[in-house]
Amino acid sequence: MGRAANRLYGVWKARVVACTVMALAALLVCASLTSCSGVGPGSGTWTICLYLCGSNLESRQSWATKTLEEIREAGVPENVTLVIQTGGAKRWHSDDVANGTRFVAHGHELEAVGDVGDVNMGKGSTLTDFLTFCAEEYPSEHAMAVLWDHGGGPLKGACFDEKNDFDALTLPELDEAFAAGVDARGKPYDLVGFDACLMGSLETAITMSDDASWLVASEELEAGPGWSYVELLHSLGLGVDARAAGIAICEGYKVKSVKYKKDATATLSVIDLSKVRAVEDALDELIDALRAEYGGTKVVRRVAYGVRNAESFGGASHKEGHTNLTDLIGITKGMLSQPSYQKQQEGLAAAIEEAVVFSVCGDATTGANGLSMWYPISSSASEVANYAKVSPLEKYAQLLASFFAEDPVPLKFLDEVKMDKDGGVTMTVDPACADAFFDLYVENRRTDGTYTDTNVDIADDWDNLSFTYTPALAVAITLDGMVLDANVVGYGLGYETFSSPIEVDGKRTNLRTTWVENEEEEDGGHYELLGTWGGIDDLNGLADRSMADLAPGSTVSAISLESEELREDIVVGKQPKVSETPLAPGSYEFRFVAIDLMGNEYPSQEVAYEVAEDGTTTIVSVGGVPTS
């Protein structure tokens with residue numbers, strides 16, 4: 001028996017086909033880059049400005065050093081000057097590298113050309129100095145700037161300096177630094193790239209639109225190894241233009257993700273920055289049309305409908321933290337359409353598709369269409385206010401700020417509870433609260449607290465806000481036979497992603513697994529083990545970039561979602577297997593949890609049930625009142 005989320009997935013069908021077609025086309029690009037527009041001998045010289053903020057990716061796992069080693073191995077073509085500034089890490093795993101060192105790569109060698117000291121890589125002036133230095137000392141016909149490190153989306157920024165309390169470059173700081181670089185060059189950059197998580201947003205693209213022609217960035221978390229600099233350097237050596245170089249970066253990243261078995265969640269896009277102002281204009285026109293039709297709270301509710309039916313990225317649960325980033329095409333197409341704003345809705349979708357010229361995605365990110373946007377699924381009024389300070393989307397930011405300044409409308413469930421012959425239990429959110437209602441999930445647990453999961457396997461009637469859950473269909477996720485508590489953190493066409501709190505050799509983390517539907521398989525699909533992810537840091541908001549593998553021989557302990565206590569533990573084998581099993585006999589209870597537009601949660605009354613030795617499920621009570 002497999003898991004399948006009951007959501008409005010029809011909008012994604014064309015996306016899966018498009019993603020496959022684009023990937024095949026890009027393989028042809030990689031096989032014969034000379035077929036691309038602007039490709040050929042004499043296409044000009046390039047300067048690559050690599051801002052390598054090592055942070056804890058370097059101090060803990062040496063990923064920045066490995067990037068330098070990859071560059072040495074690949075070799076820099078004669079028409080390319082690669083300038084690097086390192087910093088932001090408490091320690092480097094190479095004796096040749098220190099914070100503040102500037103290098104120029106020649107062929108297969110790195111030459112140190114300067115030392116600016118242990119400067120703060122999360123400070124805008126540091127990036128400004130580096131970009132100005134590159135423009136003045138290494139002028140060229142074409143230029144590319146790549147920022148390497150953690151990324152936290154439009155609210156948090158990029159390049160978190162580990163030695164300076166993880167200070168990061170905000171969008172306004174990026175704008176100011178790149179404007180200075182453009183002034184020093186005398187023209188915009190051909191391409192700006194973020195070899196970092198979560199920076200593939202409309203907010204980032206608008207910020208960079210005056211300073212560059214193309215943007216390469218990821219909507220989702222990036223795996224620790226990051227981009228393939230082999231493919232990037234090879235493509236530039238063949239004389240490609242910026243657009244084709246961006247495509248090569250995307251395809252190289254996807255291939256590298258396959259190598260490290262991180263391709264299921266891989267996303268990377270090439271954005272035409274000359275087209276993103278049209279996306280902003282189309283978004284503003286849609287907001288105006290929604291205001292004309294509804295006004296007030298209902299405008300945000302229409303946006304929320306789209307968010308609920310779209311792909312979310314990074315953290316998406318209270319246990320892991322929320323990054324509040326959602327695919328913009330998904331938001332647009334996931335809204336309930338009305339004739340009064342359908343034209344603007346279609347116009348926004350068309351503008352996004354025009355701006356995203358290429359993207360790659362994985363089996364667990366089929367809803368990634370190239371550009372995300374910040375929406376406070378779980379946030380506070382202060383975070384919304386901070387967003388208004390850094391976001392270039394003025395009208396959208398004002399809409400959110402005005403809504404979150406209001407007092408929340410409490411959600412509640414109607415007293416009537418219905419039960420069907422199959423053991424399904426139906427509850428209804430009070431229609432009087434409809435304008436404040438955002439989403440709903442089910443929390444299912446053993447009454448002794450030894451097992452908890454949440455899921456969206458619900459029969460739903462959104463028009464009437466009625467939701468049905470059938471405990472007899474419940475299953476538990478297991479790792480090599482050990483039952484895991486599981487929290488749903490993402491879903492899309494043909495997949496559902498879960499997070500389970502665990503310890504690995506004594507270290508707290510989260511196990512990410514995905515159910516992938518496949519009608520040709522006996523069970524209707526299979527589970528994929530994505531890896532372990534540390535979540536989002538409570539203090540600095542930093543999303544863990546690394547999705548680590550479970551090493552054979554590791555001791556893995558299950559953690560209770562409810563109590564945080566350790567349960568049983570196992571030693572994983574060479575090929576850890578994720579599967580599902582019927583719930584063990586015992587006493588259970590579940591409740592619906594409604595979420596309002598501000599991220600506040602409102603539980604229903606609890607439904608108690610028993611699972612017998614033969615697997616039979618019996619509803620015992622509703623709200624403490626016995627059913628018989």
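Given the structure is predicted, the values throughout are model-derived calculations rather than measurements. Here, residue 1 is the first one in the sequence, and each next residue gets the next number. Side-chain atoms are counted along with the backbone in the values below, which use heavy atoms only and exclude waters and symmetry mates.
- Checked by atom type and distance alone, the side chain of Ser235 pairs as donor or acceptor with a backbone atom of Glu231 at under 3.5 Å.
- Heavy atoms of other residues, nucleotides or ligands lying less than 6.0 angstrom from CD of Glu383 number more than 12.
- Judged purely by atom type and a 3.5 angstrom limit, Thr101 has no side-chain atom pairing as donor or acceptor with the backbone of Val97.
- A donor-acceptor contact closer than 3.5 angstrom is absent between the side chains of Thr81 and Trp46.
- Looking only at distances, no side-chain donor or acceptor of Thr65 sits under 3.5 Å from a matching main-chain atom of Ser62.
- At distances below 3.5 Å, at least one donor-acceptor pair connects side-chain atoms of Glu58 with backbone N or O atoms of Ala64.
- Counting only distance, with no hydrogens or angles, the side chain of Glu220 and the backbone of Thr365 share no donor-acceptor pair below 3.5 Å.
- Under the 3.5 Å distance criterion, the side-chain polar atoms of Asp195 are left unmatched by any main-chain donor or acceptor of Leu147.
- The backbone N or O of Gly122 sits nowhere less than 3.5 Å from a side-chain atom of Asn164 that would complete a donor-acceptor pair.
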Mind running salt bridge (charged side-chain N to carboxylate O under 4.0 Å, His left out) on Asp485 and Arg567 for me, showing each step along the way?
CA-CA 10 Å; Asp485 285 23; Arg567 294 204 310 262; 2.5 Å; yes

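- Closest heavy-atom contact between Leu131 and Cys49: CD2-CB, 4.2 Å.
- Residues passing the side chain to side chain contact (heavy atoms under 4.5 Å, CB included) test with Asn56 are Ser59, Arg60, His150, Glu162, Phe166, Leu542, sequence neighbours excluded.
- When every heavy atom of Ala242 is checked against every heavy atom of Trp214, the shortest pair comes out as CB-CD1, 3.6 Å.
- Between the Asp190 side chain and the Met144 main chain, no donor and acceptor come within less than 3.5 Å of each other.
- With sequence neighbours excluded, the residues satisfying side chain to side chain contact (heavy atoms under 4.5 Å, CB included) with Thr497 are Ala364, Val489, Tyr495, Arg512, Thr514, Leu530.
- Between Arg243 and Asp272 there is no salt bridge, since none of the side-chain N atoms of the basic residue sits less than 4.0 Å from a carboxylate O of the acidic one.
- The aromatic ring centroids of Trp374 and Tyr387 lie less than 6.0 Å from each other.
- For the residue pair Ser201/Thr204, the side-chain donor-acceptor check at 3.5 Å is satisfied.
- Partners of Val230 according to the side chain to side chain contact (heavy atoms under 4.5 Å, CB included) rule, which considers only residues two or more places apart in sequence or in another chain, are Glu70, Ala74, Ser228.
- Of the charged side-chain nitrogens involved, at least one lies within less than 4.0 Å of a carboxylate oxygen, so that Glu564 and Arg508 count as a salt-bridged pair.
- Across all their heavy atoms, Gly573 and Asp480 have their closest contact at N-OD2, 3.6 Å.
- When atom types are taken as modelled, the side chain of Asp165 and the backbone of Asp167 share no donor-acceptor pair closer than 3.5 angstrom.
- Side chain of Lys187 to main chain of Glu141: a donor-acceptor pair is present (N/O by atom type, distance under 3.5 Å, no hydrogens or angles).
- Side-chain contact between Leu268 and Lys254: absent, with no pair of heavy atoms (C-beta onward) separated by less than 4.5 Å.
- Ring-plane geometry between Tyr51 and Phe130 is classed as tilted, the angle between the planes lying from 30 to 60 degrees on a 0 to 90 degree scale.
- Heavy atoms from other residues, nucleotides or ligands lying under 6.0 Å from CD of Glu568 number more than 12.
- Within a 6.0 Å radius of NZ in Lys66, other residues, nucleotides and ligands contribute more than 12 heavy atoms.
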